[in-house]
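Just below is one structure, and these are the notes that go with it.
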Amino acid sequence: MSHSRRLSLEPAIDSITGRFRDLKRHDDDDEDVNKPDFRELDLGSPVSTLMPRGSASSSSSSAAATPTSSSGSSSGSAASAKPSVMAKRLESHSGEISSPGSGTTTTRNLKPGHRRSSSTGTPLIFSGSSYFTSPQGGGSGATSAVSPSPGVLPAGNICPSGRILKTGMSSRTSTRTETLCTGTGNYGHGNVVRSGSGGGGGKAAGNNGENPEELKRLGNDMYRRGKFSEALSLYDRAISISPENAAYRSNRAAALTALRRLGEAVKECLEAVRLDPSYSRAHQRLASLYLRLGEAENARRHICFPGQCPDQADLQRLQTLEKHLRRCSEARKIGDWKTAIKETDAAIANGADTSPQLVACKAEAFLRLNQIENSDFCISCVPRLDRHHYQSQLQAKLFGMVAEAYGLCIQAQVDTALGRFENAVVKAERAVMLDQTNPEVASVLNNVKMVVRARTCGNELFSTGRFSEASVAYGDGLKHDGSNSVLYCNRAACWYKLGLWEKSVEDCNHALKIQPSYIKALLRRAASYGKLGRWEDAVRDYEFLRRELPGDSEVEESLERAKTLLVNRSQESKSLGFNNEVEAVSTLDKFKSSVSLPGVSVFHFKSSSNRQCEEISPFINTLCLRYPLVHFFKVDVEESMVLAKAESIRKVPTFKMYKNGDKVKEMVCPSHQFLEDSIKHFLL
């Protein structure tokens with residue numbers, strides 16, 4: 001039996017790599033996409049029966065603790081009965097290992113320095129502090145250790161028994177500690193690796209001896225019990241030991257999803273798919289996450305990826321989401337904002353409950369409907385995804401814009417409308433950086449900058465007392481943003497300073513239509529009402545302000561003053577014979593006596609059969625209540641034809657105004673605003 005044989009490790013290493021590529025992963029949980037995966041990692045050695053450093057008595061317990069599918073670390077008793085499965089595999093791969101008892105040896109061309117004889121004894125493997133004797137053929141699977149002089153042999157050298165290298169060889173070797181790997185990733189039992197370096201795809205145990213499969217099992221148990229943070233911590237520890245394991249990444253994504261950290265969950269699923277492109281569970285979990293984020297295109301990529309039968313429930317959810325997004329886009333094109341709100345609500349209810357772009361779409365609809373407060377509330381509810389962790393596989397788009405850029409544009413416009421100008425500029429600039437070629441995004445940035453410039457210029461002019469120029473500057477800003485309540489309120493302040501109180505009221509009304517609880521606009525309108533003598537309106541605004549600003553002494557004083565003046569005006573009206581009703585005049589004598597009354601008198605020549613007269617009559621009643629110091633009269637031209645002829649009335653409705661007996665103005669079919677402005681003009 002004396003013969004020489006070449007020792008070659010290359011084919012054995014190739015067989016190790018192939019073995020670990022072909023390992024079949026087992027998934028214990030394939031029912032619910034939101035549960036972690038329970039795939040076992042085969043830590044058995046595809047090469048030899050060598051155990052890690054330690055006593056031979058611990059080898060059997062170590063093997064029992066490590067899940068395997070078809071490992072070469074079988075017991076020695078089985079090996080003595082018949083050839084081991086791994087021995088056959090290695091024989092088929094390298095052609096160097098014969099079945100025990102066959103009596104046949106393979107003779108190959110040998111190179112210098114790689115010869116050994118069967119008579120030289122059992123080969124040794126040096127692992128830094130001891131020799132490990134490799135078992136032969138059908139011998140026992142146990143391993144014996146012999147302690148040589150330290151530093152004589154470089155780690156991992158295989159040589160005949162009792163043979164010592166030349167003196168000085170150890171000086172050329174690394175002084176780093178080397179250990180015998182236990183067999184994970186691309187390394188099997190018995191491979192020698194330098195300490196601190198990974199064993200290819202991962203290590204079977206960490207520095208403290210942790211088993212990643214055991215950590216995963218504990219993590220799964222914590223997940224089932226609803227302790228998601230604890231499960232996440234255990235999965236993290238497993239990944240730190242075996243970072244290339246796709247199942248660990250997918251399980252970590254499940255825990256992150258349960259903790260509502262969807263952005264990080266997407267990242268982990270993408271990593272799992274990168275590690276194992278055919279991993280159906282990771283694809284399914286990723287599709288579910290994209291559906292929740294409202295990213296239909298990305299979801300479709302993972303529901304319908306090649307070689308996988310689509311999950312029908314997810315496919316149905318995807319088709320429903322695409323339908324609502326399509327309808328929302330169509331409504332946005334034609335300005336049907338109520339339908340846009342309806343469709344976004346439907347998409348969110350269908351499962352896209354963490355979609356920033358859908359919430360932004362709803363906010364835009366409220367913005368266009370001048371419901372700024374509702375729009376601002378929607379923006380405050382936009383899910384905040386950590387962009388450091390979250391990166392979409394394919395950059396999602398909505399309405400032709402990058403989805404994130406679209407959301408930032410809406411936020412910038414809402415901030416501008418509410419006077420948060422600095423925030424608006426920052427968000428608009430970020431939107432342009434994300435979508436540099438989109439003209440709509442660029443237009444939003446330009447409008448925001450123009451509004452900010454107009455507001456800054458107007459404020460500077462106002463502070464120097466140039467109120468007329470300031471009003472023009474604010475008006476320029478409104479050309480770029482006609483729904484900006486701040487600019488309307490600021491221009492109202494200019495009108496107030498210029499004594500144009502009616503214009504001040506008008507701009508305050510615009511601001512309050514956009515933002516109903518705008519305190520500054522309410523204060524300014526109440527003060528303008530006071531200047532116009534409209535104390536009833538002033539009292540109404542001050543009472544609202546008192547509810548909004550309880551304990552504000554200035555509001556309390558203004559309210560009491562307005563109430564006092566309202567009472568005094570009412571008493572004065574009664575003493576002068578004024579009333580709160582439009583008085584009818586039917587004779588020429590009555591008309592002449594009414595004209596001669598002190599103060600302002602307004603005569604409304606009307607016809608009961610005329611539509612315009614019927615439409616304006618309720619407004620005349622309102623003016624009568626609003627201006628108690630003005631006398632209001634009505635003349636029916638059909639009943640008082642003599643009077644109508646005497647006053648040369650040719651068309652109705654006609655209004656004639658007298659002040660202290662003199663006619664000051666005549667108007668035919670005036671607008672409501674023009675009529676009221678004329679009354680105020682002659683009343684002041």
Side-chain angles (χ1 to χ4, degrees), residues 25-39 41 216 219-220 223 228 231-232 235-236 238-239 242-322 324-325 347-348 350-358 383-398 402-404:
R25 289 185 299 264
H26 175 63
D27 194 338
D28 294 334
D29 175 30
D30 56 1
E31 297 178 359
D32 187 353
V33 71
N34 291 322
K35 292 183 179 179
D37 303 312
F38 302 92
R39 303 195 303 177
L41 177 64
K216 186 188 81 168
N220 294 347
Y223 186 96
F228 305 119
L232 179 63
Y235 294 143
D236 285 340
I239 290 172
S242 183
E244 301 298 314
N245 188 289
Y248 300 166
R249 298 283 183 178
S250 184
N251 284 14
R252 186 174 192 271
L256 289 166
T257 301
L259 293 169
R260 299 191 64 81
R261 292 160 61 179
L262 302 194
E264 295 174 72
V266 168
K267 180 185 176 184
E268 288 302 317
C269 281
L270 288 173
E271 180 64 13
V273 169
R274 184 191 69 79
L275 293 171
D276 186 355
S278 63
Y279 189 6
S280 60
R281 172 56 61 80
H283 282 286
Q284 187 181 7
R285 183 164 287 146
L286 192 52
S288 180
L289 286 166
Y290 279 136
L291 286 172
R292 291 188 64 182
L293 293 168
E295 298 184 14
E297 189 174 355
N298 279 329
R300 180 170 286 280
R301 290 167 61 89
H302 295 280
I303 290 175
C304 305
F305 78 96
Q308 173 71 13
C309 182
D311 181 84
Q312 292 304 307
D314 282 345
L315 186 60
Q316 180 63 38
R317 288 175 58 202
L318 171 63
Q319 292 170 347
T320 304
L321 174 62
E322 289 174 334
H324 290 309
L325 288 175
I348 292 170
N350 183 59
D353 56 350
T354 319
S355 173
Q357 56 265 35
L358 281 175
R384 309 296 181 187
L385 298 178
D386 189 348
R387 293 291 163 180
H388 174 70
H389 295 287
Y390 171 53
Q391 291 294 331
S392 288
Q393 182 176 4
L394 181 66
Q395 201 168 38
K397 290 197 172 186
L398 189 66
V402 173
E404 187 180 356

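Keep in mind that this is a model prediction, so the values were computed, not measured. In this chain, numbering begins with 1 at the start of the sequence shown.
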Original post:
Sequence neighbours excluded, which residues qualify as side-chain contact (heavy atoms from CB on, under 4.5 Å) partners of Ala347?
Top reply: Leu321, His324, Leu358

**OP:** Carefully, step by step, assess Asp311 and Ile303 under the rule side chain to side chain contact (heavy atoms under 4.5 Å, CB included).
**Re:** CA-CA 7 Å; Asp311 181 84; Ile303 290 175; 5.7 Å; no

**OP:** List in chain and number order the residues that pass salt bridge (Lys or Arg N to Asp or Glu O under 4.0 Å) with Arg252, two or more places apart in sequence or in another chain; answer none if no residue qualifies.
**Re:** Asp236, Glu268

Original post:
By salt bridge (Lys or Arg N to Asp or Glu O under 4.0 Å), which residues pair with Arg274, not counting sequence neighbours?
Top reply: Glu271

**OP:** For Leu293 and Asn298, run side chain to side chain contact (heavy atoms under 4.5 Å, CB included): C-alpha distance rounded to whole Å, both residues' side-chain angles, the deciding distance at 0.1 Å, then the answer.
**Re:** CA-CA 10 Å; Leu293 293 168; Asn298 279 329; over 6 Å; no

Subject >> Test item: Tyr223 side-chain N/O and Leu232 main-chain N/O as donor-acceptor pair under 3.5 Å >> reply: no

Determine the minimum heavy-atom distance between [X] and [Y], stating which atoms define it.
X	Y	answer
Ala231	Gly219	CB-O, 3.4 Å
Leu325	Gly294	CD1-O, 4.2 Å
His283	Pro277	NE2-O, 2.8 Å
Ser250	Ala282	OG-CA, 4.2 Å

**OP:** Please report the C-alpha distance between His302 and Asp314 in whole Å, then the side-chain angles of each, then the deciding distance to 0.1 Å, and finally whether the side chain to side chain contact (heavy atoms under 4.5 Å, CB included) criterion is met.
**Re:** CA-CA 10 Å; His302 295 280; Asp314 282 345; over 6 Å; no

Subject >> With sequence neighbours excluded, residues passing side-chain hydrogen bond (donor to acceptor under 3.5 Å, both in side chains) with Glu322 >> reply: Arg300

[atom1]-[atom2] distance between [X] and [Y], expressed to the nearest 0.5 angstrom:
X	Y	atom1	atom2	value
Leu259	Glu264	CG	CD	9.0 Å
Ile348	Arg292	CD1	CZ	12.5 Å
Arg249	Asn251	CZ	CG	12.0 Å
Gln319	Asn350	CD	CG	11.0 Å

Original post:
Would Leu256 and Leu262 count as a side chain to side chain contact (heavy atoms under 4.5 Å, CB included) if you check the C-alpha gap in whole Å, the side-chain angles of each, and the deciding distance to 0.1 Å?
Top reply: CA-CA 7 Å; Leu256 289 166; Leu262 302 194; over 6 Å; no

Subject >> Asn245 side chain near Leu275 side chain, heavy-atom distance below 4.5 Å >> reply: no

**OP:** Taking the side chain as every heavy atom from C-beta outward, state whether Leu286 and Arg301 have any pair of such atoms under 4.5 Å apart.
**Re:** no

